[in-house]
Amino acid sequence: VLFFSDLSYDFEQIALFGEGTYAINDRLAVTGGVRYYDFQENRTQVFDGIFADPIDSAGSTSADGFAPRLMLSYDVTEATRLNAQISKGFRLGGINDPLNIPLCQPQDIAIFGGLTTWDDEVLWNYEVGVKSYMLDRAVYTELSVYRIDWSDQQISLQDPNAIFAYIGNAGKSYVNGLELQINAQPTDFLSLNVGATYTDSRLSEDMPVPPIPAPTPENPNPEQAPYGFEGDRIPYSPKWSMAGSAQYEIPFSSELTGYANANFNYRSVSYTAFNSTFGASNYQELDDYFLMGVRFGVRYGAWDTSLFVDN
């Protein structure tokens, strides 16, 4: 057998959620809510074969806690609402796949050998925004500005040889961002939407310093594994992203409708690691890109037939 793997997986979660709104007056309202969660994950993985490390791997992780939310909303007019909110969010931790030792380089073991699990990430979100209808409700806009303080942010990691992909925690980080969304319906047949997001996501403190691995015959002088420093950008986080679409529909009958759609997606430059100490093969700049697609089709009842081109 070249390679064999068997996975036994058990996941249990309990969650309770409650929320209520109190109208202070005709325009001002306050909303409060809280969520309780409790989860347990257990996993056993068996490996065998020529290209496997024939050792059974077992792991478990668990967490519980409360996530509150408080929001104020104020109706400036019937068409415009201001809001401000503070909320706590979380994302559950998990268990990484074990290293395949026969395929590992010494630096792989040094960097990823201790990443058997990753912890919950917890964030506090502070946000103010406005939602408004304009031009006789033909245009709807949302604008929000936010600050996120992250603890134990979950990040994707990869070894310098691009063989092993892992999830780890980055300590403390922050995000300063802005989001704009515009939806428009100029006519009964034409719909437009466009959205833009600015995100500045960085470490707010140095990551925990990884321990220097013990010397081995193959690596008698092990080096310090790389880690992120305060101010480093979070990997794979572009500062700018935009997306939009336009669709025009022509009704031929009550059941037959023709349509044409064009859409685009843009992401600015991002990086694959925190800094250059991760090595030239691992710390790389990902170019910005612009994607566009067009689609022409007809809908007849529950049927939809179309031709499309994506780049």
Side-chain angles (χ1 to χ4, degrees), residues 17-35 66-91 121-151 153 172-204 233-234 236-249 261-270 288 290-292:
F17 177 77
E19 185 174 276
T21 299
Y22 175 73
I24 299 174
N25 54 45
D26 291 343
R27 293 189 174 187
L28 181 63
V30 59
T31 299
V34 65
R35 176 187 177 94
F66 292 90
R69 174 175 180 258
L70 180 66
M71 182 175 70
L72 290 173
S73 61
Y74 180 75
D75 292 332
V76 181
T77 67
E78 292 184 355
T80 301
R81 170 175 291 182
L82 303 176
N83 59 73
Q85 70 167 322
I86 301 174
S87 60
K88 179 183 178 182
F90 68 94
R91 183 161 56 174
E121 67 175 21
V122 176
L123 64 84
W124 282 95
N125 178 54
Y126 311 91
E127 180 178 337
V128 293
V130 57
K131 303 176 181 180
S132 182
Y133 287 96
M134 297 179 289
L135 302 177
D136 198 24
R137 304 182 77 85
V139 178
Y140 175 73
T141 62
E142 289 188 15
L143 175 65
S144 61
V145 179
Y146 57 89
R147 162 80 179 203
I148 297 174
D149 288 320
W150 236 306
S151 297
Q153 183 178 2
K172 291 185 178 180
S173 58
Y174 67 86
V175 179
N176 292 324
L178 179 148
E179 291 185 357
L180 173 65
Q181 180 69 40
I182 302 174
N183 300 327
Q185 188 85 34
T187 72
D188 293 338
F189 310 115
L190 177 63
S191 58
L192 308 168
N193 70 79
V194 64
T197 301
Y198 171 80
T199 304
D200 185 23
S201 179
R202 299 179 182 272
L203 291 177
S204 53
R233 285 177 58 179
I234 301 300
Y236 301 100
S237 60
K239 283 194 172 183
W240 287 99
S241 60
M242 290 180 282
S245 68
Q247 179 155 311
Y248 190 81
E249 299 188 352
N261 177 280
N263 60 83
F264 75 91
N265 189 293
Y266 170 77
R267 284 170 63 95
S268 64
V269 169
S270 62
D288 61 341
F290 182 88
L291 303 177
M292 186 170 182

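Predicted model only: the values in this text are computed from it and were never measured.
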Scan side-chain atoms only and decide if [X] and [Y] contain a donor-acceptor pair under the 3.5 Å cut-off.
X	Y	result
S201	S237	no
Q247	E249	yes
Q181	N183	yes
S268	D288	no

Start with the C-alpha distance between R147 and Y174, add both sets of side-chain angles, then the distance that settles side-chain contact (heavy atoms from CB on, under 4.5 Å), and finish with yes or no.
-> CA-CA 7 Å; R147 162 80 179 203; Y174 67 86; 3.6 Å; yes
Reported [atom1]-to-[atom2] distance for the pair [X] and [Y], which is rounded to 0.5 angstrom:
X	Y	atom1	atom2	answer
M71	N83	CE	CG	6.0 Å
W240	D200	CH2	CG	11.0 Å
S132	L143	OG	CG	11.0 Å
T199	E179	OG1	CD	7.0 Å
W150	S173	CH2	OG	6.5 Å
Y146	N176	OH	CG	9.0 Å

Once the angle between the rings of F264 and F290 is folded into 0 to 90°, is it parallel (under 30°), tilted (30 to 60°) or perpendicular (over 60°)?
->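 Answer is parallel, since the angle falls under 30°.
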A side-chain contact here means heavy atoms from C-beta on lying under 4.5 Å apart; do [X] and [Y] qualify?
X	Y	value
L70	V30	yes
P238	Y198	no
Y133	V139	no
T141	M134	yes
P186	L192	yes
Y140	K131	yes
K88	R69	no

For L203 and I234, what are the C-alpha separation, side-chain angles and deciding distance, and is it a side-chain contact (heavy atoms from CB on, under 4.5 Å)?
-> CA-CA 7 Å; L203 291 177; I234 301 300; 3.9 Å; yes
Is the backbone of R27 close enough, under 3.5 Å, to the side chain of N25 for a donor and an acceptor to pair up by distance?
->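 Side chain of N25 to backbone of R27: a pair is present.
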Is there a donor-acceptor contact under 3.5 Å from the side chain of T187 to the main chain of F189?
->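 Looks like yes, one N/O pair under 3.5 Å.
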Mind listing the side-chain donor-acceptor pairs of residues 72-79 below 3.5 Å, one per line with the distance, residues two or more places apart or on another chain?
from, atom 1, to, atom 2, distance (Å)
D75, OD1, R81, NE, 2.6
D75, OD1, R81, NH2, 3.2
D75, OD2, R81, NH2, 3.4
T77, OG1, A79, N, 3.1
T77, OG1, T80, N, 3.1

Might you confirm whether atom NZ of K239 has over 12 heavy atoms from other residues, nucleotides or ligands at distances under 6.0 Å?
->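 More than 12 within 6.0 Å, yes.
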Is the number of heavy atoms from other residues, nucleotides or ligands under 6.0 Å of K172 NZ greater than 12?
->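 No, not enclosed.
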E121 and F90: side-chain contact (heavy atoms from CB on, under 4.5 Å), yes or no, with the steps?
-> CA-CA 5 Å; E121 67 175 21; F90 68 94; over 6 Å; no
Apply the test side-chain contact (heavy atoms from CB on, under 4.5 Å) to residues Y126 and D149: give CA-CA distance (whole Å), side-chain angles for both, the deciding distance (0.1 Å), then the verdict.
-> CA-CA 9 Å; Y126 311 91; D149 288 320; 3.6 Å; yes
